[in-house]
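Per chain, numbering begins at 1; letters A, B, ... match sequence-line order.
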Amino acid sequence: MRRPDEVVDGAAEALAAGLARGHTRRSFLGRVGVTLLAVMGGSAVAAAVRPDEAESFHFCGHIWTTGSCPNPYSLPRIDRRGFPLRPRDGRPIDNLGRLVDAEGYPADETGARLAGPDGELLERGPRTRLCEDWVPEQFRIDAVTQGSWYRCCSGQVRKLVDCCSTSTKRVNGDKALRGYCYTGRRVFCVMYYDTGLPC
Amino acid sequence: MIETITPAVCGNRRRRRIAVALFGLAAILAAALVGAALGALGAALGARQAVIAVAVLAGLAAASELGFLRLPLPQLRLQVPDWWRFQLPLPVWAAGYGAGLGVGVLTYQPFATFWIACVAAVTVASPGAAAACFALYGAGRTLMVAWPARGGRDAPLAVEGLVSRRPALARANGLVLAATALALGLAAVPAAAAQPIYLGGGNQLDPSVSSGTLAYTQRDGTVAGVVLRPSGSHDVTYTGRTPSLDGNVLAYAAADGIHVVRWRSREELQRAPNASMPALDWPWLAYRIDTWDGARELWLTNLASGDLRLLTRVGAGLDLGRASVAAGRVAWTVSGVQGSRIGLYTIETEKRRIFVRSKISVLANPALSDSRILWVEQKRGFSYLRLRPLESSRTTTLASSGDRDLVFWTTALSGRDAYVTVWLVSSGVAQLERYRF
């Protein structure tokens with residue numbers, strides 16, 4: 001027999017799937033939020049929380065409350081090895097949020113290497129895994145990527161990934177849930193990987 | 001005003017609602033205009049650093065509201081003209097009253113909070129933000145007209161009820177002002193005040209300071225030169241970059257390597273071919289050598305005795321940043337895709353240690369003084385100027401930038417002054433700023 005929280009989770013998953021099939025939840029909520037803010041507070045406030053930059057614990061496929069893992073922007077998009085990608089287009093970025101070329105050097109939109117104020121080309125900056133590297137340093141806890149699940153987002157399969165820890169608190173500051181973590185770990189924060197597979 | 005905007009005065013309940021709406025609209029607009037004007041004034045005055053002044057005034061106002069101090073409040077001892085509502089149409093007098101009270105300065109002002117908000121709006125130095133904040137004042141005045149008499153409640157009774165609560169309101173207001181003063185004071189204490197250094201056109205970077213003389217790289221297009229600005233004397237220039245100054249000795253990098261000169265007489269003392277990124281603390285000179293196999297080495301030499309030491313070597317793929325030498329120590333940074341670290345070497349004991357490391361941030365451009373170390377940390381889209389005593393683990397953030405377009409670059413430390421190159425990425429402009437801590 002399923003536990004009550006599993007029943008609730010199941011219903012939530014079904015709702016999530018329905019939402020995901022229909023539209024991009026993040027952008028939908030983002031646009032509603034921006035419209036509301038624009039009405040209430042004017043464009044200055046609205047400009048500060050554009051959907052692409054908005055700090056949000058909801059993104060397409062994830063309607064639960066656990067927050068995003070720390071990342072260079074505010075949406076925890078990763079590649080299949082857990083390194084950061086630019087949320088907007090999935091291009092690789094370093095920990096500072098700069099686009100990087102194939103060798104990891106900071107580059108502009110065209111792929112040309114960036115130069116510093118001294119005219120010298122910029123050197124490589126850190127590009128490390130959001131769960132295994134960012135979380136331990138920022139929160140002084142252990143963290144490892146464990147469970148994942150899949151949703152359909154913007155016409156492609158999105159893999160949602162739990163960053164799990166033995167910490168009983170999650171990134172939100174409250175009690176962590178078990179989620180898809182195992183070996184006694186709980187969900188500290190969440191990330192996502194867009195597979196590119198159509199759905 | 002509660003007793004003025006009533007169904008009896010307005011004619012009926014519908015006209016009262018219209019009057020409240022017009023009053024509110026005018027009050028909010030007027031208050032926002034005042035806020036915008038104050039914000040624009042602050043922007044014109046460059047008053048962004050006056051946070052501490054707001055904190056002090058808020059503290060005084062709190063003492064006044066709580067009865068510890070008697071302070072006269074600037075105010076016009078006037079009320080809105082009573083005759084308007086008899087001689088003018090309802091939309092005009094309702095909006096007029098709203099505007100008059102929304103402006104805030106034309107009538108009695110029994111609480112000091114309004115004036116603190118005015119000073120704070122100047123400090124915000126942004127017309128839009130100040131207008132948005134002040135609009136709340138207009139909304140508050142509207143609320144005080146609409147809320148007590150809601151649902152047909154008796155207006156005079158509502159006024160009496162409010163008056164009876166005045167002491168409690170004053171205490172609450174005083175406590176809020178005290179909390180504001182405390183919060184602003186705490187916010188202002190760790191932050192050092194930025195003092196832009198105006199050095200003319202072009203880009204200025206790589207500061208180095210010694211005995212009151214500032215040296216820096218002046219970059220105009222692709223041409224770079226070293227400029228020295230002694231106090232009370234003419235500028236001295238050299239063809240090169242990345243100066244490091246110690247008294248009357250200057251080390252700088254040129255196309256053929258590092259030159260060490262007495263900068264006033266231009267007498268050359270030493271030359272280090274194929275070396276770059278000099279850091280001088282006479283007689284010690286640290287510099288970087290890029291080897292044929294892509295490795296980078298940090299060397300330290302005693303220019304008087306000839307003592308030569310290899311401090312560190314990093315392989316291809318890692319960046320070895322410019323070092324800093326002071327008081328018998330050398331600091332440097334190493335960064336790569338796996339993270340970055342600041343290394344520290346003690347010349348006397350020949351011991352090395354990692355001072356600070358990170359897997360997620362870029363730690364760069366350290367500057368040493370006798371007792372402190374300054375460096376830049378870049379994390380996510382943020383840039384921080386960090387300062388720490390060498391014998392302590394307590395780090396202070398002198399400045400921060402939450403703008404990806406504004407990045408801190410090279411640094412220098414002299415006494416209680418921190419110098420940093422501020423780089424505007426999109427325009428490529430680089431300028432020097434000083435922070436006194």
Side-chain angles (χ1 to χ4, degrees), chain A residues 37-38 40-48 53 55 68-76 81 83-84 86 92-106 108-109 114-139 143, chain B residues 32 126-129 131-132 135-136 203-206 217 219 221-224 241-242 253 276-277 296 317-322 333-341 357-364 377-383 402 404 407 409-410 421-425 427-431:
Chain A
L37 275 175
M40 293 181 68
S43 60
V45 179
E53 296 280 339
E55 177 57 45
S68 301
C69 291
N71 61 87
Y73 284 91
S74 55
L75 290 171
R81 295 185 299 147
F83 292 94
R86 190 160 70 175
I93 52 176
D94 64 13
N95 287 2
L96 306 187
R98 303 176 297 194
L99 281 177
V100 293
D101 64 14
E103 295 179 337
Y105 291 100
D108 63 16
E109 297 289 335
L114 294 176
D118 54 1
E120 301 288 325
L121 296 175
L122 290 177
E123 295 290 342
R124 280 180 279 215
R127 183 166 190 254
T128 49
R129 293 167 299 177
L130 300 191
C131 182
E132 284 79 1
D133 297 315
W134 284 61
V135 169
E137 179 166 329
Q138 197 157 326
F139 298 95
Chain B
S126 163
L136 294 175
N203 297 326
Q204 297 89 32
L205 57 156
D206 309 331
T217 302
R219 195 161 178 271
T222 56
V223 181
R241 56 202 174 97
T242 58
S276 62
M277 299 187 176
R296 284 148 179 185
L318 289 175
D319 181 39
L320 178 61
R322 188 183 179 191
T333 56
V334 176
S335 63
V337 291
Q338 296 296 320
S340 60
R341 59 183 183 268
R357 74 190 315 158
S358 173
K359 277 189 170 182
I360 61 178
S361 304
V362 174
L363 308 170
E377 179 176 354
Q378 288 177 260
K379 190 175 181 181
R380 303 176 72 189
F382 294 78
S383 207
R404 289 178 195 276
V407 174
W409 196 252
T410 42
T421 304
V422 177
W423 174 32
L424 292 166
V425 178
S427 63
V429 171
Q431 291 184 327

For A:Asp94, is it the side chain, the backbone, both, or neither that has a heavy atom closer than 4.5 Å to a heavy atom of chain B?
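When you check distances to chain B, no heavy atom of A:Asp94 falls under 4.5 Å.
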Could you check which of B:Gly336, B:Ala430, B:Gly381, B:Ser361 has the highest count of heavy-atom pairs closer than 4.5 Å to chain A?
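Option with the top pair count is B:Gly336.
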Taking every non-hydrogen pair under 4.5 Å, which of B:Ser340, B:Ser335, B:Gly317 racks up the most with chain A?
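Heavy-atom pairs under 4.5 Å are most numerous for B:Gly317.
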Hey, what do you get for CH2 (A:Trp134) to CZ (B:Arg380), rounding to the nearest 0.5 Å?
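Atom-to-atom, A:Trp134:CH2 and B:Arg380:CZ are 6.5 Å apart.
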Given that the side chain runs from C-beta out, which part of B:Ser358 has a heavy atom under 4.5 Å from chain A: side chain, backbone, both or neither?
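For B:Ser358, heavy atoms of backbone and side chain both lie under 4.5 Å from chain A.
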Between A:Pro126 and B:Lys359, what is the shortest heavy-atom contact and its length?
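Closest approach of A:Pro126 to B:Lys359: CB-O, 3.8 Å.
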Looking only at heavy atoms, what is the nearest atom pair of A:Gln138 and B:Lys379, with distance?
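That closest heavy-atom pairing would be OE1-CE, 4.2 Å.
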Who in residues 116-124 of chain A is close to chain B, using a strict under-4.5 Å heavy-atom cut-off?
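A:Gly116, A:Pro117, A:Asp118, A:Gly119, A:Glu120, A:Leu122, A:Glu123, A:Arg124 fall under the 4.5 Å cut-off.
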Name all residues meeting the side chain to side chain donor-acceptor pair (under 3.5 Å) criterion together with A:Glu132; count only those two or more places apart in sequence or in a different chain, and write none if there are none.
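Applying side chain to side chain donor-acceptor pair (under 3.5 Å) to A:Glu132 gives A:Thr145.
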Test applied, side-chain contact (heavy atoms from CB on, under 4.5 Å); reference residue, A:Leu96; option that passes from B:Ile360, B:Val407, B:Val362:
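The residue from B:Ile360, B:Val407, B:Val362 that satisfies side-chain contact (heavy atoms from CB on, under 4.5 Å) with A:Leu96 turns out to be B:Val362.
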